[in-house]
Structures are given as C-alpha cells and as structure tokens.
Chemist: 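I have a structure here, written as structure tokens, and I will follow up with some questions on it.
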Amino acid sequence: MSVPNTHIKQRVPVFSIGSMALGYLLCSKEWEVSATFKRSFYCRDNMANIICLGKSEIGNGPFTLLCSSDGPWPDNALSTTRQILVLNNQLLLEGTGISFDLHGALVWNNGLRSTRGQDDHLLTDISWIAGKVFRDAPLESLGLVVASFFPLKLPKTRLSSDILTDSLHKRFVEVISKISHLPILLPGGQHNSSLAEGLESLIGLGPGLTPSGDDFLAGVVMGLFKAGREDEAAWLAHYFYQAAQGRVTNISLAFYRALSEGLVAEPFLQFLKAIGTGEALSLERFLNRVSMFGATSGWDTITGMLFGFRLGLSKQNENHSQTMEAVC
C-alpha cells in the first residue's frame, strides 16, 4: 500500500452511503477506479465488489456514496487516478490530494418492499407508461419492444427498418413471444423454471457496462414486486444473480447481487411508489428521472418493468380480477 498524501488539498464530504457499500468498505482497504462519468465513478476491490461515488443528483443506491454538491467535482483527478485507499474513515485518491470524507454519512438501506402503497390507478398508470415508452424512448433502446407484449400501434414517425430488424430487438421479441403467457407459478405452487430459463437467455445481451438484457431483467423483477408478486420476484432475482456469474460485467453483476437482496437505486423506488397513485405529474417527473440513467439503461429498465407487470398482473394472478389485456 502506498503512503497517502499528508496534506489533503480538497476534502469532499459524503452524506449518504449505501448499506452494501458500507459493508464492502469495512472489508477492503484498497480500491481501483474502473469507470468514470460526468457525475460519478465506479471502483472495485480485489474481490470484484463495486462501489459508486457520485454527486447528489444521481440518487441513493445500495452501493452508492453520495457526495456534497458544494465545490467542483474532481473530474480531472478522477480521469487519471487509479488507486483509492481507505484510511481513518476517508477515501484517499492517491497522488491527487483529494479525499472523500465518510464521517457522519448516513446509511441508506431502502428496498423494493418499501414500494408497497396505493395502487387504485395501477392499470391506468401502466397504460400511460407503456405509451410514453413506446412514443418517446430512443430508437436504440428497447422501447419499441413494448409492442411485442402490449397492443400498441406503431406511429409512422417511429418506423425504422434499421431498428425493427436489429438483431438485439429480434432476440428480445423472440424470447418474449415464447414466454409472455407462461404462468409464474405452476399449478402445484412451484416456480416456473421454463419462464426463468427463457428470461435467463437475455442475461448480458447487448453492449455497455450494463447491457440492455441486464437492465431489462432488473425491470422485470421490479415490476413483479410492484404487482404484488414479491416471492416470485425475489426467486427470479436470486436465479438471475446465480445465472449471471461469469457472464456479465462486474458492474452488472453488482446490480444483480443488489437485486437479489431486494435493493435497487432510490430513483427507481420513487418511480415504483408513484405508479398506481394516479398522480400524473409525479409519475411523469419520476419517469423522466429514471429514463436518464445511462445511454438507454433507464428506458430499458422501464421496458422490463412493463413486462414484469404483464407477467404479474396476468390471468394467472388470482389476486387481481382484471387482466393485463384490459390495460390498453
């Protein structure tokens, strides 16, 4: 371990730390910067655990450390720093004179089970979201795939032969067409392995740090939780995490691990809580926020949520008198 700088030039206070990140920091004293962005950066330790440090606007998350927005974000230092040390409750960026101060940081530990709430307008809100995704999601996202499990008409302005024939979209449509009407639970109460295996084929599918397939599957789990199928959602999340071992990026695997523990980023929790309330302005505000995640990650996750609703609110769900076909 290198000797840290004696004189710190800039100390960035951390005011919120995810419960998973706290556990990792207690066990690992050396971290390596693995990816940097405008508002955040990811680090990993020698056990492939992931933490993410970012500005407050990215929102809380299971392995996120939120920093004060006061003062400039150290973009230049982060672009050249490779090693970060944990010492005296601080994260020290080697050779830069910059530290992230963990003293007084609050632990954030909210999970998917906190999304329970009012759902009087659930089907109406889902219908609105489906239309919004189909109309407004970027063509390179999975937005158009919604038409494979919702009866939506394709506007002429959204026609794109390049996208509609793209191999990624074809693969999603192929998988969805085979499993969209499968029950989550078999007559004897066992989980449906055929459904899980079909969804498993989407793991790691697509480019990026969190490929479209991984974002979509995270959304499926979230949608099932919100639809009241918590046990089935938890089972699928654990299944995906086990199946993803050795097949996805370190960052994607970290998200799968968090998902298996019922943990997702706070903006998604806020969005899920708003669904079913019938409060259009709040719903649109939170949708706009989560859709900004990554290049298309937010849109792909929302598309997965819609498929999770499609599965969870189908005729197989005895707790709902209305079926998903009634949405559109």
Chemist: Determine, using the 4.5 Å side-chain heavy-atom cutoff (strictly less than), whether Phe37 and Ile251 are members of one ILVMFWY cluster.
Modeler: yes

Chemist: So do the side chains of Ser282 and Thr277 get within less than 4.5 Å of each other, counting heavy atoms only?
Modeler: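 Not touching, per the 4.5 Å side-chain cut-off.
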
Chemist: In terms of the angle between their ring planes, are Phe255 and Tyr42 parallel, tilted or perpendicular, with boundaries placed at 30° and 60°?
Modeler: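 Perpendicular, since the angle between the ring planes exceeds 60°.
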
Chemist: Answer whether the closest heavy-atom distance between the side chains of Val173 and Arg171 falls below 4.5 Å.
Modeler: no

Chemist: So Glu30 and Leu85, do their side chains get closer than 4.5 Å, heavy atoms only?
Modeler: yes

Chemist: Are Val107 and Leu91 linked, directly or through intermediate hydrophobic residues, by side-chain heavy-atom contacts shorter than 4.5 Å (ILVMFWY only)?
Modeler: yes

Chemist: Can you tell me how far CE of Met222 sits from CZ of Phe271, rounded to the nearest 0.5 angstrom?
Modeler: 10.5 Å

Chemist: Are any of the side-chain nitrogens in Glu94 or Arg82 under 4.0 Å away from the carboxylate oxygens of its partner?
Modeler: no

Chemist: Look up atom OG in Ser127 and atom NZ in Lys132, then write down how far apart they are to the nearest 0.5 Å.
Modeler: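 Here the interatomic distance stands at 14.0 Å.
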
Chemist: With a 4.0 Å cut-off, would you call Glu266 and Lys273 a salt bridge?
Modeler: no

Chemist: Can you classify the ring geometry of Tyr24 versus Trp31 as parallel (below 30°), tilted (30 to 60°) or perpendicular (above 60°)?
Modeler: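 Ring orientation, 0 to 90° scale: tilted.
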
Chemist: Over 60° means perpendicular and under 30° means parallel, so classify the ring planes of His191 and Trp235, tilted if in between.
Modeler: parallel

Chemist: Which of these, Thr301, Leu142, Ile302, Leu202, sits in a side-chain contact (heavy atoms from CB on, under 4.5 Å) with Asp215?
Modeler: Thr301

Chemist: Any side-chain heavy atom of Ser180 within less than 4.5 Å of one from Phe307?
Modeler: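 A side-chain contact exists here, since the closest heavy-atom pair is under 4.5 Å.
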
Chemist: Determine whether the side chains of Ser252 and Thr210 contain a donor N or O and an acceptor N or O closer than 3.5 Å.
Modeler: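 Note: Ser252 and Thr210 side chains miss the donor-acceptor criterion.
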
Chemist: Regarding Thr296 and Asp300, do their side chains bring together a donor and an acceptor under 3.5 Å, going by distance alone?
Modeler: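 Checked: Thr296/Asp300 side chains pair up, N/O donor to acceptor below 3.5 Å.
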
Chemist: Could you tell me whether the side chain of Ser177 reaches within less than 4.5 Å of the side chain of Phe149, counting heavy atoms only?
Modeler: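 Phe149 vs Ser177: side chains apart.
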
Chemist: We want to know whether His103 and Arg11 form a side-chain donor-acceptor pair, criterion being a heavy-atom distance below 3.5 angstrom.
Modeler: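 The answer is no; no qualifying pair exists.
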
Chemist: Could you grab the distance from atom OG of Ser56 to atom CG of Leu66, nearest 0.5 Å is fine?
Modeler: 7.0 Å

